[in-house]
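Remember, predicted model here, so these are calculated numbers, not experimental data.
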Amino acid sequence: MQRHEYTGPVALRAMQSLAGHLFPDSGYRHIGDPTWAWCLALDREDGNPTAVWTNGGGDRVRGGVRDGIRGGDAHAAGCPAPGRTTVWAWLELPGSLQFQVDPAHPELADEVLAWAVGRAAAGRTAGGALSVEVAETKPHLMAALERHGRTRRDGEPFMLCPGRSLAEPPDAPALPAGYRIRAQHSPADVAGRAAAHRAAFGSKRVTTERHARMRETWPYRAEFDLVAVSPAGEVAAYCQGWYDAANGVGAFEPVGTHPEHRRRGPARAVCLAVLRAFAAAGARRTPRPRRAPGKQGTGHPARRPHPPAAPPGRTRPDHYC
């Protein structure tokens with residue numbers, strides 16, 4: 001087994017290959033998740049060390065960020081053919097870790113945690129909390145965290161993940177008078193979409209530049225990133241969808257409504273429009289994470305797998321520190 005380390009999320013496609021492989025069984029971290037996280041990490045590469053473990057291949061992993069950018073040069077490519085990705089880890093300093101481990105190699109979870117602690121110490125956060133979110137569908141990862149002295153943090157919100165079959169997608173609801181649903185066509189649309197996200201979440205991380213860069217990165221497709229536009233031409237709500245053609249699954253991440261347009265129905269309408277776009281592309285089902293009050297964990301959604309025609313599942317992640 002070989003480990004390849006990077007400054008920043010360079011080997012994005014290698015991470016996505018494992019995400020796609022594990023999603024049908026784990027229901028956790030679809031192929032769009034690394035791209036979304038990469039968008040938030042732009043211009044902060046030094047604070048986002050990553051590593052990829054493979055079961056063979058050359059000195060470095062082919063499949064960099066630029067490989068995923070349409071028309072871009074592959075600055076992380078040009079190396080011998082890699083082996084299959086078995087693990088990836090992404091540490092957002094000072095100590096927030098996300099990772100995936102192929103269940104066929106559960107022993108590598110211990111190596112990932114040792115790597116993360118070491119890199120956190122190198123980032124001058126030694127002794128600080130290492131925060132990790134794992135799905136309840138991954139008991140081998142929970143066991144590794146407990147072996148390393150991490151404790152589960154209870155008493156916080158958790159995530160639900162209802163899902164639905166797309167064999168018969170729902171009809172689109174009526175929009176308020178003057179509102180329209182469409183894709184983003186111009187730089188002004190891209191800026192408006194980024195501004196709507198900042199207003200919806202009270203966050204400054206999604207800038208116009210970051211959203212524009214993400215739009216150029218696989219597996220982003222503009223027909224699944226729709227906006228509801230107000231009569232005044234403002235982006236009132238949006239739904240960003242990620243389509244995994246290999247697994248026949250579409251997922252939402254993120255969805256938001258500008259505070260000035262809430263309780264009018266634009267978010268529901270734009271989400272249903274993306275569902276219909278998934279169905280038209282061949283998707284069979286979709287999960288949709290959402291936060292709900294409870295006593296277990298917090299963070300990214302943990303999705304319980306089920307067949308395409310099964311009723312919605314619900315599960316949670318657990319948060320360790």
Go through L12 and T35 one step at a time and tell me if the side chain to side chain contact (heavy atoms under 4.5 Å, CB included) criterion holds.
CA-CA 7 Å; L12 194 63; T35 300; 4.0 Å; yes
Does R262 use its side chain to pair, donor to acceptor, with the backbone of A200 at less than 3.5 Å?
yes
For D244, check salt bridge (charged side-chain N to carboxylate O under 4.0 Å, His left out) against everything at least two apart and list the hits.
none
So how far is it from C39 SG to R205 CZ, rounded to the nearest 0.5 Å?
9.0 Å
Just to verify, what does R264 make a salt bridge (charged side-chain N to carboxylate O under 4.0 Å, His left out) with, not counting sequence neighbours?
none
Measure the CZ-CG distance between R182 and L226 for me, rounded to the nearest 0.5 Å.
10.5 Å
Between R180 (side chain only) and V227 (backbone N and O only), is there a donor and an acceptor less than 3.5 Å apart?
no
With distance as the sole test, does T208 use its side chain to make a donor-acceptor pair with the main-chain N or O of A194 at under 3.5 Å?
no
Quick one: which residue pairs count as a ring pair (Phe, Tyr, Trp, His ring centres under 6.0 Å) with a foot in residues 188-208, not counting sequence neighbours?
W36-H197, H197-F201, H197-Y238
Quick one: pull up CZ in F252 and CG in L275 and give me the separation to the nearest 0.5 Å.
3.5 Å
Side-chain contact, heavy-atom cut-off 4.5 Å: L93 with P49?
yes
Got more than 12 heavy atoms from elsewhere within 6.0 Å of CZ, R268?
no
Does a side chain donor of either E253 or H30 reach within less than 3.5 Å of an acceptor in the other side chain?
no
C271/V274 under side chain to side chain contact (heavy atoms under 4.5 Å, CB included): CA gap, chis, key distance, verdict:
CA-CA 5 Å; C271 286; V274 174; 5.8 Å; no
Heavy-atom nearest pair, Y179 first then A236, reads CE2-CB, 3.7 Å
Considering non-hydrogen atoms only, spot the tightest contact between L141 and A109 and give its length.
CD2-CB, 3.9 Å
Can you pull the ring pair (Phe, Tyr, Trp, His ring centres under 6.0 Å) pairs that have at least one residue in residues 84-113, sequence neighbours excluded?
none
Rounded to the nearest 0.5 Å, how far does CD of E107 lie from NE2 of H140?
10.0 Å
Suppose we screen for side-chain contact (heavy atoms from CB on, under 4.5 Å). Which residues come up paired with E111, at least two apart in sequence or across chains?
R3, W53, L108
Can you get from I181 to V190 by hopping between Ile, Leu, Val, Met, Phe, Trp and Tyr side chains that sit under 4.5 Å apart?
no
Do S230 and E260 come close enough that some side-chain heavy atom pair is under 4.5 Å?
no
Is it true that V132 and V101 fall in one hydrophobic cluster, defined by side-chain heavy atoms closer than 4.5 Å?
yes
What verdict does the side chain to side chain donor-acceptor pair (under 3.5 Å) test give for W218 and Q16, after you've listed the backbone C-alpha separation in whole Å, the side-chain angles of each residue and the deciding distance to 0.1 Å?
CA-CA 10 Å; W218 190 88; Q16 290 164 327; over 6 Å; no
Full working for side chain to side chain contact (heavy atoms under 4.5 Å, CB included) between E209 and L42:
CA-CA 9 Å; E209 179 187 7; L42 281 173; 5.8 Å; no
If only atom types and distance count, is the side chain of E223 paired as donor or acceptor with the main-chain N or O of A277 below 3.5 Å?
no
Check whether any side-chain N or O of Q98 sits under 3.5 Å from a backbone N or O of R29 as a donor-acceptor pair, and report yes or no.
no
Output for pair (L145 CG, L97 CG), nearest 0.5 Å, gives 8.0 Å
Co-membership, hydrophobic cluster, residues V134 and V117, 4.5 Å side-chain
yes
Are V52 and Q2 close enough that some pair of their side-chain heavy atoms sits under 4.5 Å apart?
no
How close do A279 and P169 get, counting heavy atoms only, and between which atoms?
CB-CG, 3.9 Å
Side chains of W242 and P219: does their closest heavy-atom pair fall under 4.5 Å?
yes
Give the intermediate values and the outcome of side chain to side chain contact (heavy atoms under 4.5 Å, CB included) for residues N55 and M1.
CA-CA 5 Å; N55 61 357; M1 203 69 64; 3.9 Å; yes
So which atom in A281 and which in F224 form the shortest heavy-atom distance, rounded to 0.1 Å?
CB-CZ, 3.7 Å
Could you grab the distance from atom CG of L18 to atom CD1 of I31, nearest 0.5 Å is fine?
12.5 Å
Taking the side chain from H148 and the backbone from R150, do they hold a donor-acceptor pair closer than 3.5 Å?
no
Got a sec, which pairs hit salt bridge (Lys or Arg N to Asp or Glu O under 4.0 Å) with one end in residues 34-53, sequence neighbours left out?
R44-E92
Minimum heavy-atom distance M15-Q100, with the two atoms named
O-OE1, 4.4 Å
Quick check against the 3.5 Å criterion: does Y6 have a side-chain atom that pairs as donor or acceptor with the backbone of A11?
no
Do the side chains of R215 and R193 get nearer than 4.5 Å, heavy atoms only?
no
Minimum heavy-atom distance between V255 and C239, given as atom pair plus value:
CG2-SG, 3.8 Å
